[in-house]
2 protein chains.
Amino acid sequence: MGRTSDAKERLIEAMIELIWTGSYGTTSVDHICEKAGVKKGSFYHFFESKTACALTAIEYSWAEHRKQLDQTFSPVNAPLDRIWKCFADFQREQREMQEKHGRVLGCPIHSLGAEVSTIDDKLRDKLQEILSQFIRYYESAIRDAHYQGIIEAPDAPALARILFAYGEGLLLHARMWNDLSHLNEMEAGARRILGVPDSES
Amino acid sequence: MGRTSDAKERLIEAMIELIWTGSYGTTSVDHICEKAGVKKGSFYHFFESKTACALTAIEYSWAEHRKQLDQTFSPVNAPLDRIWKCFADFQREQREMQEKHGRVLGCPIHSLGAEVSTIDDKLRDKLQEILSQFIRYYESAIRDAHYQGIIEAPDAPALARILFAYGEGLLLHARMWNDLSHLNEMEAGARRILGVPDSES
DNA sequence: ATTCAAATTAACCAACCGGTCAACTTGACC
DNA sequence: GGTCAAGTTGACCGGTTGGTTAATTTGAAT
């Protein structure tokens with residue numbers, strides 16, 4: 001079986017962090033290796049290319065994130081509460097990242113997508129897939145809310161896309177302005193989009 | 001006075017196009033020079049650095065764009081019509097870019113912002129400034145609409161930010177999916193955000 | 001026609017890029 | 001405790017990066 005190692009995991013986590021705090025272009029294989037405490041030869045022992053490593057890292061990161069989203073969007077929770085809890089999770093995560101790295105980092109999938117979608121087909125396809133999956137969380141919450149008569153939303157997928165575009169836009173602004181307070185109005189904006197008065201849940 | 005040249009303008013336009021169709025990271029000085037038909041020595045005759053060129057290019061591009069925005073958001077137009085016309089302009093521009101480059105390119109300011117805002121302070125500040133100016137177009141249109149009783153929006157700046165985040169999110173999706181049809185629902189989403197029924201203007 | 005500031009050119013630089021490779025070390029399994 | 005697959009290492013590669021320089025050409029203004 002040969003010896004074992006956690007170098008691959010360290011490389012994955014290093015790449016995620018470097019892409020998130022910087023960009024794909026500024027994240028060099030050398031930097032990843034340095035941060036992970038791994039020599040470049042080992043990098044190419046585990047990954048056939050920089051792109052392949054990024055693909056694995058994105059998949060890994062999304063798999064981690066899904067665990068929490070599955071909890072947040074549990075059908076046990078009231079439909080709109082799922083969305084508000086998701087926003088609260090966003091805020092918490094962004095706050096933690098600001099405390100850790102001194103900057104609000106926004107959504108890595110979106111920042112990466114903006115950078116590479118015209119350049120790298122494989123990365124773009126993977127990012128599309130992840131974002132499509134994410135929208136489904138909003139979609140089912142919206143559909144449930146509609147069926148329960150909480151909101152008027154006959155076209156749940158369309159409304160989910162609107163809500164999603166808005167949320168991602170806000171996260172990007174928070175990153176650009178390095179300011180968490182942009183996220184405070186997230187729920188207020190979502191209420192307007194969903195057509196929920198402030199007084200109601 | 002020495003000889004004159006339009007090399008600087010050609011470099012600016014080349015840089016804008018390369019950033020828009022690709023990314024800041026993949027846009028090398030060599031590529032810019034090649035596209036502009038200019039030798040690298042001349043590049044550094046006109047600009048002290050790649051960043052300086054990008055700064056000038058962004059400023060130039062925004063100045064061009066403002067001319068049209070000033071027309072679109074002319075107080076002569078009905079408040080909400082300004083916004084719908086702005087969206088129509090977005091769609092037209094994106095369609096033209098797709099015809100020209102084979103891809104939907106989205107908003108270069110935002111894509112660039114996502115990429116460089118944690119890396120390059122000067123670029124980030126300039127992009128922030130431009131986006132802040134853009135929001136003001138929405139803001140004044142919303143304020144006018146509120147004052148005329150067309151919509152209920154006591155906090156125009158906040159609603160403008162929501163609308164803006166949504167629009168930018170949609171443009172990014174159009175870029176990532178290379179699909180103009182994402183923009184078709186722009187007005188419908190905006191109507192929900194602004195609280196305007198489909199029947200009314 | 002002369003002048004001279006401004007534009008152009010090509011050669012050059014060190015650092016870094018993604019990627020390769022053959023030699024070497026390790027440790028899980030029998 | 002020996003085996004051998006798997007992990008590690010450091011040197012190496014050609015190409016590209018952002019940036020520099022000194023010599024040269026140009027043309028607008030006098």
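Only this structure's heavy atoms are used, side chains among them; waters, hydrogens and symmetry mates stay out. Letters A, B, ... are given to chains in the order of the sequence lines, protein chains preceding strands, and every chain is numbered from 1.
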Chemist: Using the ring centroid of each side chain, check whether Phe164(A) and His173(B) are separated by less than 6.0 Å.
Modeler: yes

Chemist: Using a cut-off of strictly less than 4.0 Å, decide whether Ser5(B) has a side-chain nitrogen or oxygen near OP1 or OP2 of dA6(C).
Modeler: no

Chemist: One pair to check against side chain to side chain donor-acceptor pair (under 3.5 Å): Gln71(A) and Asn77(A). What are the steps and the verdict?
Modeler: CA-CA 9 Å; Gln71(A) 288 189 322; Asn77(A) 299 331; over 6 Å; no

Chemist: Dot-bracket for DNA chain C, please. Rules: Watson-Crick or G-U, both distances under 3.5 Å, ( ) within the strand, [ ] when a pair crosses earlier ones, | for another strand, . otherwise.
Modeler: ||||||||||||||||||||||||||||||

Chemist: Side chains of His110(A) and Leu171(A), heavy atoms from C-beta outward: is any pair under 4.5 Å?
Modeler: no

Chemist: Taking atom CD of Glu34(B) as the centre, report whether more than 12 heavy atoms of other residues, nucleotides or ligands fall under 6.0 Å from it.
Modeler: no

Chemist: I want to check a possible cation-pi pair here: Lys50(A) against Tyr24(A), using under 6.0 Å from ring centre and within 45° of the ring axis as the test.
Modeler: yes

Chemist: Can you work out whether Thr4(B) or Lys50(B) has the more 5'-proximal nearest nucleotide on DNA chain D?
Modeler: Lys50(B)

Chemist: Run the side chain to side chain donor-acceptor pair (under 3.5 Å) test on Gln133(B) and Trp62(B) for me, step by step, so that the C-alpha distance in whole Å, both residues' side-chain angles and the decisive distance to 0.1 Å come before the verdict.
Modeler: CA-CA 10 Å; Gln133(B) 288 179 21; Trp62(B) 172 238; 2.8 Å; yes

Chemist: Using a strict heavy-atom distance below 4.0 Å, which residues from residues 28-49 of chain B are in contact with DNA chain C?
Modeler: Lys39(B), Gly41(B), Ser42(B), His45(B), Phe46(B)

Chemist: With heavy atoms under 4.0 Å as the rule, sort Thr27(B) into base, sugar-phosphate or nothing.
Modeler: sugar-phosphate

Chemist: Give a yes or no on this: more than 12 heavy atoms of other residues, nucleotides or ligands lie within 6.0 Å of atom CD of Glu64(A).
Modeler: yes

Chemist: How long is the line joining CD1 of Ile119(A) and P of dC17(C), in whole Å?
Modeler: 17 Å

Chemist: What orientation do Phe87(B) and Tyr138(B) show, parallel under 30°, tilted 30 to 60°, or perpendicular over 60°?
Modeler: perpendicular

Chemist: When you measure only distances, ignoring hydrogens and angles, does the side chain of Arg3(A) come within 3.5 Å of the base of dT8(D) through a donor and an acceptor?
Modeler: no

